[in-house]
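Input: a single structure, listed below in structure tokens.
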There are 2 protein chains.
Amino acid sequence: MDNIEVRKRLKSSGLRVTPQRIAVLSTLVESNAHPDADQIVKSVRQQYSNIAIGTIYHILDNLVQKGIIKKVQTEQNVVRYDAIVEPHIHLYSGEENRIEDYFDEELFDLIQDYLQKKEIKGFEVNDIRIKFLGEFTKERK
Amino acid sequence: MDNIEVRKRLKSSGLRVTPQRIAVLSTLVESNAHPDADQIVKSVRQQYSNIAIGTIYHILDNLVQKGIIKKVQTEQNVVRYDAIVEPHIHLYSGEENRIEDYFDEELFDLIQDYLQKKEIKGFEVNDIRIKFLGEFTKERK
DNA sequence: ATATATGCAAACTCTTTGCATCGTT
DNA sequence: AACGATGCAAAGAGTTTGCATATAT
């Protein structure tokens, strides 16, 4: 996704299009490492050396509110961010503290179908989060 | 589970059986609310008024290391704890910040079977974490 | 007796907040 | 011009750490 597309996404969400927001969202879109706020700060500061940490947190909050990005929880105590909002699975290695995306529509369909047949009493499901904990092997390294 | 069972669990894991550990683990076993460290401190202090926060964190870490309890991530930035280590799903309402357990062996079997047939390239799955985000309806309230 | 656990307090990390200034619409 | 966004610094929450003392084995 290029900058024009990033600007469009911001604009259509009703957020003002500022250089800082473009930089934050671009960074996130270009990264597949699910960076935390600190990593985003470091990355964005290569371009905007004086962007404030508070601003980064504000922007990330804005983007989450608008559904443009998602928060990712980790075993550590740090929020990470993901620019992919389509359903997907996170492969997580605690040893490496590494998150990779794993797309498997078939599996999601399987679960969706299951939930439709056998609904949960007293709970309405809006979103499904699946995480596989484990270890990355050579092929993926 | 009574205190004797809690002591057994601690002992068989190799941890020294201290009153503080018994209190922390008992609290966790008796709660189904997936409490965070602060809530555990408050609960345990009804019995041991001078237990230190640092000690609670130490104990919780010990228990997690030994696989007696598990950490639970939430949308907020607080770690919560779960004494149930068997596979189960978490129903989570952000509005209420509430986590409920949902046991569904059939669904886990479904996923297990699926993973056995179609393994993920470059990743070995050790644990599956599933969370449904949504809203609790009247019946469950 | 020894190794480990606890209590306490200080330190640390990540995140949030208040407020003046700046920039987008 | 007006409202919202940014920068800065201080504060806050949750968690970790160091060290002396206490306790389980």
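We name chains A, B, ... by the order of the sequence lines, and we start the count at 1 in each one. For clarity, every value in this text was computed on a predicted model and none was experimentally measured.
- Nearest-nucleotide mapping onto DNA chain D: of B/Val17 and B/Tyr57, the residue sitting toward the 5' end is B/Tyr57.
- Taking atom CG of B/Leu10 as the reference point, atom C1' of D/dA24 lies 12 Å away to the nearest angstrom.
- Distance CG (B/Leu15) to C1' (C/dT4): 10 Å, rounded to an integer number of Å.
- Whole-Å rounding puts the A/Asn50 CG to C/dC22 P distance at 12 Å.
- Residues A/Phe123 and B/Thr137 have side chains not in contact (no heavy-atom distance under 4.5 Å, counting atoms from C-beta outward).
- For B/Gln20, a side-chain nitrogen or oxygen approaches OP1 or OP2 of C/dG7 to under 4.0 Å.
- Residue A/Asp36 is out of contact with every strand shown, counting any heavy-atom pair closer than 4.0 Å.
- For A/Asn50 and A/Tyr48, the side-chain atoms include no donor-acceptor pair closer than 3.5 Å.
- Ring pair A/His90/A/His34 is perpendicular by interplanar angle, where above 60° counts as perpendicular and below 30° as parallel.
- In this structure a side-chain-to-backbone donor-acceptor pair under 3.5 Å is missing from B/Gln47 to B/Val44.
- One can place CD1 of A/Ile22 at 13 Å from C1' of C/dG23, the figure rounded to the nearest angstrom.
- With rounding to whole Å, A/Arg7 atom CZ is found 13 Å from C/dT25 atom C1'.
- Each of B/Arg21 and B/Arg45 lies near DNA chain C, and the nucleotide nearest B/Arg21 is the one positioned closer to the 5' end.
- In this model, the phosphate group of D/dG7 is approached by a side-chain N or O of A/Thr55 to a distance below 4.0 Å at OP1 or OP2.
- When the nearest nucleotides of DNA chain C are assigned to B/Arg16 and B/Asn77 by heavy-atom distance, the more 5′-ward of the two goes with B/Arg16.
- For B/His58 and B/Lys11, each mapped to the nucleotide of DNA chain D holding its nearest heavy atom, the one lying further toward the 5' end belongs to B/His58.
- Across all strands shown, A/Asp38 has no heavy atoms under 4.0 Å from either base or sugar-phosphate atoms.
- When the side-chain nitrogen and oxygen atoms of A/Thr18 are compared with OP1 and OP2 of D/dG4, none of them lie within a distance under 4.0 Å.
- Rounded to an integer number of Å, the gap from A/Asn62 CG to C/dT16 P is 12 Å.
- The side chain of B/Pro19 lies closest to D/dA24, out of D/dT15, C/dT16, D/dA24.
- You'll find that the side chain of B/Ile53 is closest to D/dT15, out of C/dG7, D/dT15, C/dT15.
- For the pair B/Leu60 CG and D/dT16 P, the computed distance is 10 Å after rounding to whole Å.
- Counting to the nearest Å, the P atom of C/dA5 and the CD1 atom of B/Ile51 are 14 Å from each other.
- Remark: A/Asp113 does not engage A/Lys117 in a salt bridge, criterion side-chain N to carboxylate O under 4.0 Å.
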